[in-house]
Asker: 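The structure's right below; bear with me while I get my questions together.
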Amino acid sequence: MPTQLNRVARQASLGFFALVTLIFTLAGWMLFDLCARIDEQQRHHSEADAQRALETRLDRLGRVLTDYSFWMEAYARTSKKVDVNWAYEEDNVGPSLYSDYGVNGAFILAPNGVTRYAVVGGGRSKMQLDTWLGDDQATLLAQARERSLKDGHAQGYFLIEGKPASVMVAVIRPDATYQDFKRLSYMVFVDILTPDKLAQLGQLFDLHGLTAQPGALPALAERPTLVVRSDPGIAVTFHWLVHGMGQRLLAQFLPLLATMCGLALLLVWYLRRRIALAARQTDVAEDALRHSEQRFRTVSEASSDWIWESDAEQRLAYLSERFVAVTGFSREAWLGRPLHELLGYPPSQVEEVARTPLAAGRSRRPLPCEMRDAQAKLRYCQLSAQPIISGGLLAGFRGTVCDVTEEIEAKARIEHISQHDALTGLANRHQLHRYLAQRFAEGVSASQPLHLLALDLDRFKPVNDSLGHGAGDQVLCQVARELRASVREGDLVARIGGDEFVIAVNGCLSAEQVSLLCNRMLEGIGRTMRIDEHDINIGASVGIAQAPQDGHSAEDLLRYADIALYEAKAAGRNTLRFYEPTMNQRILARRQLETELRLGLQRLEFELDFQPRFDASSQRLLGAEALVRWNHPIRGRLAPAEFIGVAEETGLILGLSDWVLQEACSQAMDWSPELIVSINLSPLEFQRDDLVARIHKVLERTGIDPARVELELTENVLLDDAAGALELMKKLKALGVRLSMDDFGTGYSSLSYLRTYPFDCLKIDRSFVSNIEVSESNAAIVEAIVSMGRALSLTVVAEGIETAGQLARIADLKCDQAQGFHLQRPLSQARFAALREQSQPREASNDASRTPVTY
Ligand code: C2E
Ligand code: CA
Ligand code: CA
């Protein structure tokens with residue numbers, strides 16, 4: 001869209017165009033008018049000239065005529081009769097009249113009007129004048145008579161030989177007093193206006209192309225006209241040409257004017273074009289400017305940035321609208337005041353911007369600064385500034401202020417979230433590491449030691465499982481409060497896992513003081529908590545490591561505290577342990593074992609022994625329990641107690657168990673089909689979803705009847721995740737395998753488990769069996785278990801039968817089956833095969849007095 005300015009420029013150029021046209025039109029018109037006037041005047045003048053020319057001729061001929069006629073001698077020679085000799089021969093009225101004066105005809109007429117003498121065209125003629133003049137001759141003669149009284153003559157125009165001619169008549173008289181006209185003759189001159197004569201006359205009076213035509217012709221526009229009349233006679237119209245001065249002037253000036261007009265118009269057109277071009281360019285530029293301004297406004301209003309401009313002293317000269325929205329101040333409140341009063345940065349930093357020229361492609365780093373907005377709220381900003389250079393001098397600065405308060409607050413929030421445990425608000429693992437890194441960077445020494453307490457809750461999982469996560473969360477928050485209350489400012493309490501906490505304690509504390517602190521914590525945690533109308537009792541174990549005594553890095557210290565915690569847990573609940581280097585050696589040994597175990601699994605250094613199970617009363621072989629052994633390349637044959645723990649801790653138990661399951665089932669395929677194979681499962685396997693699939697795979701691969709496979713689980717399985725375990729056991733039962741509860745009575749065994757879970761068999765732990773002969777209470781327990789098992793249709797097995805007496809006692813107590821060294825020790829594959837061979841005939845003969853195999 002053209003701007004106002006451009007519209008004005010265009011209109012002005014159009015007006016200029018019109019003005020030039022008007023001026024030249026006016027000049028042209030004036031020129032025409034002037035020329036016409038000049039021509040008109042010239043015409044008038046030339047008409048006067050023509051009049052004068054005719055008069056001059058008439059005058060001249062008239063004088064000649066009167067000279068000839070008012071002459072004594074002429075009278076004497078012509079009054080009676082014309083003396084032809086005198087007249088013609090002596091050339092008194094002869095040819096010289098024609099040759100000298102151009103008189104075409106000279107006549108001498110008698111007083112009665114008869115022609116006596118005639119010279120026509122310079123020669124004698126018999127011509128009668130009245131043949132030319134007719135009746136008008138008499139009138140003319142009468143006029144001549146009349147005018148002779150005043151020495152005059154008569155004159156008139158007549159058509160003679162087709163041309164206008166001037167005819168002049170005078171009486172011939174001896175002197176002026178003579179009045180007797182009846183006796184006077186007449187002298188007549190006929191002057192035919194031939195083209196030659198007219199041309200001569202014209203030349204003389206500057207009347208070009210003079211023509212004479214008989215009659216009064218209408219005036220011609222292009223030629224001057226003179227009409228003369230005579231009575232008697234005819235009217236004669238004279239025409240001639242005037243080379244009009246006006247026309248000539250016009251002819252000279254008009255092209256000049258036209259050229260000038262053309263040039264002027266061309267100039268105007270050119271200027272107009274230039275103006276239009278310039279206007280278009282300014283339009284484009286203004287358009288671009290407008291767009292850019294619009295863009296700028298949109299951007300500046302959309303962003304949280306506000307824009308400022310200042311003079312060289314950094315006094316604000318401009319503030320964008322966003323300033324008001326972002327800061328809450330009015331612009332007037334700050335215009336004219338220094339920017340650094342608002343943003344609180346050192347003014348030299350902005351001056352620096354003007355001093356250091358910007359390298360190409362690099363942008364200046366914004367300056368972080370802070371300000372208080374209209375509500376006095378602290379806001380964080382980033383200030384960017386550019387120098388305004390005008391004429392090589394610093395005129396001021398301009399830049400933006402980006403409000404990054406929300407960003408910084410969000411960052412702080414994220415930082416807090418990333419550093420803290422969402423549930424308890426304690427520091428998290430991340431924050432703990434940062435804290436320790438900083439603490440070690442500051443320097444840890446004997447005078448400034450650091451104690452690291454690793455704390456793990458006991459019996460927390462059952463709370464979570466039985467009362468739900470809400471209750472569990474409340475317990476954790478209560479513990480967090482307890483721990484926070486026990487430490488001082490500057491110490492750190494972190495939650496690094498479900499129920500694992502780490503406390504960093506500063507200060508020069510003795511071992512007793514640390515123990516006291518830990519015991520206070522344990523006491524606090526151990527107090528009965530009332531949550532959702534439930535009384536909850538939990539405990540905790542603590543491992544303590546100290547820097548610089550035990551370690552010099554955060555990682556070491558954490559690890560040592562963890563080792564100490566492990567030991568504390570192993571030592572029983574609600575205890576604390578200080579780290580000792582020997583603990584570390586045990587850990588190292590365990591790690592060594594882990595490496596070897598991994599290798600052993602790859603090399604298949606394992607084998608299975610089978611401990612037979614017998615009918616308690618008949619001692620008939622009913623099956624065998626697979627017990628794994630490790631043929632360690634250096635340490636020799638190792639019992640499960642030496643490596644199962646590590647295998648469970650490291651997860652290697654899964655691979656090992658896979659091998660055991662496969663091996664046990666495939667060997668059992670060689671046994672007689674009624675024999676059952678028992679396989680021990682680790683609680684760890686129960687925590688994984690793939691157990692059912694793994695068992696299913698083994699059953700499929702070996703093709704064994706699932707009813708012959710018995711999986712032995714311990715109560716721990718039920719303790720860790722009671723609901724999940726039930727789910728899993730149902731699925732296992734769906735495969736068709738048997739489930740037996742191992743080591744019954746050692747854990748938190750509750751007879752109610754037996755009712756809830758789909759067990760087929762329960763194995764009474766050997767601790768009950770070992771003193772069954774001497775302890776009546778143990779016997780009573782075994783009896784109760786047996787009767788309970790029977791009531792629930794479970795097979796009850798007594799483990800660890802070492803003597804014949806024990807065997808007899810449990811048989812008495814109606815225990816179904818028995819297993820123990822007294823009956824059979826765990827046997828190698830070959831020995832178990834031999835046993836099966838033996839037992840078959842014995843089975844047939846039903847011989848109970850069998851001697852145990854010895855090793
Ligand atoms: P367990 O399931 O209670 O297995 C019975 C243990 O008692 C075996 O020890 C066996 O040798 C021992 N034993 C049997 N009769 C007597 C007796 O009359 N007197 C005494 N004092 N001990 C007897 P072992 O083979 O050393 O196994 C120890 C434990 O290792 C097993 O206890 C079982 O919990 C675990 N275990 C063995 N093999 C495996 C396996 O393949 N997988 C898993 N997860 N654990 C296994
Ligand atoms: Ca077992
Ligand atoms: Ca057992």
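Whatever order the structure lists them in is the order used to number ligands and atoms, beginning at 1. Since this is a predicted model, take the numbers as computed values, not measurements.
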Asker: I'd like to check which ligand 1 atoms, numbered from 1 as shown, lie under 4.0 Å from a non-hydrogen atom of V660.
Answerer: 41 (O)

Asker: Out of S740, S682, P640, who is nearest to atom 27 (O) of ligand 1 when you count heavy atoms only?
Answerer: P640

Asker: Among Q824, E799, Q819, E710, which one satisfies side chain to side chain donor-acceptor pair (under 3.5 Å) with R613?
Answerer: E710

Asker: Is the distance from the Ca ion (ligand 3) to the nearest N/O/S atom of E799 under 3.0 Å?
Answerer: yes

Asker: Can you give me the closest heavy-atom contact between L593 and W630, atom names plus distance?
Answerer: CD1-CZ3, 3.7 Å

Asker: Can you list the steps and then say if Y579 with N584 is a side chain to side chain contact (heavy atoms under 4.5 Å, CB included)?
Answerer: CA-CA 8 Å; Y579 171 76; N584 196 26; 2.8 Å; yes

Asker: Please indicate, with yes or no, if any protein heavy atom is found under 4.0 Å from atom 13 (N) of ligand 1?
Answerer: yes

Asker: Under 3.5 Å, is there a donor-acceptor pair linking the side chains of H632 and E605?
Answerer: no

Asker: With a 4.0 Å cut-off on heavy atoms, is S657 touching ligand 1?
Answerer: no

Asker: Output yes if E625 passes the N/O/S-under-3.0 Å test against the Ca ion (ligand 2); output no otherwise.
Answerer: yes

Asker: Is there a heavy atom in E625 that sits closer than 4.0 Å to ligand 1?
Answerer: yes

Asker: Suppose we measure from atom 20 (C) of ligand 1 to each protein heavy atom; which comes out shortest, and what is that distance?
Answerer: E802 OE2, 3.1 Å

Asker: Do Q819 and ligand 1 have an N or O pair less than 3.5 Å apart?
Answerer: no

Asker: In D742, which N, O or S atom comes closest to the Ca ion (ligand 2)?
Answerer: OD2

Asker: Looking only at protein heavy atoms, which one is nearest to atom 7 (O) of ligand 1, and what is the separation?
Answerer: R766 NH1, 3.3 Å

Asker: Let's go through R790 and D816 carefully: what are the C-alpha distance in whole Å and the side-chain angles of both, what is the deciding distance for salt bridge (Lys or Arg N to Asp or Glu O under 4.0 Å) to 0.1 Å, and is it a yes or a no?
Answerer: CA-CA 9 Å; R790 282 181 168 270; D816 297 314; 3.4 Å; yes

Asker: Does even one non-hydrogen atom of R629 get within less than 4.0 Å of ligand 1?
Answerer: yes

Asker: Return the residue, atom name and 0.1 Å-rounded distance of the protein heavy atom closest to atom 2 (O) of ligand 1.
Answerer: D742 OD2, 2.9 Å

Asker: So, of the N/O/S atoms that E712 has, which is the nearest one to the Ca ion (ligand 2)?
Answerer: OE1

Asker: Give a yes/no verdict on a cation-pi contact between R836 and F832, requiring under 6.0 Å between NZ or CZ and the six-membered ring centre and an angle within 45° of the axis.
Answerer: yes

Asker: Output yes when D760 and K733 qualify as a salt bridge under the 4.0 Å nitrogen-oxygen rule, no when they do not.
Answerer: yes

Asker: Of all the atoms in ligand 1, which lie at a distance below 4.0 Å from a heavy atom belonging to G820?
Answerer: 15 (N), 18 (O)

Asker: Which residue in the set R586, E649, M583 passes side chain to side chain contact (heavy atoms under 4.5 Å, CB included) when paired with Y566?
Answerer: E649

Asker: Would you mind checking if K569 and D458 are paired as a salt bridge, meaning a charged N to carboxylate O distance below 4.0 Å?
Answerer: yes

Asker: Is there a donor-acceptor contact under 3.5 Å linking the side chains of N771 and N778?
Answerer: yes

Asker: Should R620 and D615 count as an ion pair when the cut-off is N to O under 4.0 Å?
Answerer: no

Asker: So is P826 in contact with ligand 1, going by heavy-atom distances below 4.0 Å?
Answerer: yes

Asker: Please write down residue, atom name and distance for the protein heavy atom closest to atom 15 (N) of ligand 1.
Answerer: Q611 NE2, 3.0 Å

Asker: If we only consider heavy atoms of R825, is any one of them less than 4.0 Å away from an atom in ligand 1?
Answerer: no

Asker: Can you check whether a protein heavy atom sits less than 4.0 angstrom from atom 41 (O) of ligand 1?
Answerer: yes

Asker: N/O of I653 under 3.5 Å from N/O of ligand 1, yes or no?
Answerer: no

Asker: Could you tell me whether E783 and K814 have a side-chain N and a carboxylate O separated by less than 4.0 Å?
Answerer: no

Asker: Within less than 3.0 Å of the Ca ion (ligand 2), any N, O or S from D743?
Answerer: no

Asker: Do Q478 and Q474 have side-chain N/O donor and acceptor atoms under 3.5 Å apart?
Answerer: no

Asker: Can you name the atoms of ligand 1, numbered from 1 with element, that are less than 4.0 Å from a heavy atom of E799?
Answerer: 3 (O)

Asker: With no hydrogens and no angle check, just 3.5 Å: does a side-chain donor-acceptor pair link Q806 and E802?
Answerer: no

Asker: Any N/O/S atom, backbone or side chain, of N680 lying under 3.0 Å from the Ca ion (ligand 2)?
Answerer: yes

Asker: Check each heavy atom of D743 against ligand 1 and say whether those closer than 4.0 Å belong to the side chain, the backbone, both or neither.
Answerer: side chain

Asker: Please report which non-hydrogen protein atom sits nearest to atom 22 (N) of ligand 1, along with the residue it belongs to and the distance in Å to one decimal place.
Answerer: F821 CZ, 3.4 Å

Asker: Whether K763 and D743 form a salt bridge (side-chain N of Lys/Arg under 4.0 Å from carboxylate O of Asp/Glu) is what I want to check.
Answerer: no

Asker: Using only heavy-atom distances, determine whether the side chains of E625 and N680 contain a donor-acceptor pair under 3.5 Å.
Answerer: yes

Asker: To the nearest 0.1 Å, how far is atom 31 (C) of ligand 1 from its closest protein heavy atom, and which atom is that?
Answerer: L627 CD2, 4.3 Å

Asker: Of all the atoms in ligand 1, which lie at a distance below 4.0 Å from a heavy atom belonging to I801?
Answerer: 18 (O)

Asker: Are any of the N or O atoms of V628 closer than 3.5 Å to those of ligand 1?
Answerer: yes

Asker: May I ask you to decide whether E674 forms a salt bridge with R708, counting only side-chain N to carboxylate O separations under 4.0 Å?
Answerer: no

Asker: To check your reading of the model: name the closest protein heavy atom to atom 44 (N) of ligand 1, its residue, and the distance in Å.
Answerer: N680 O, 3.6 Å

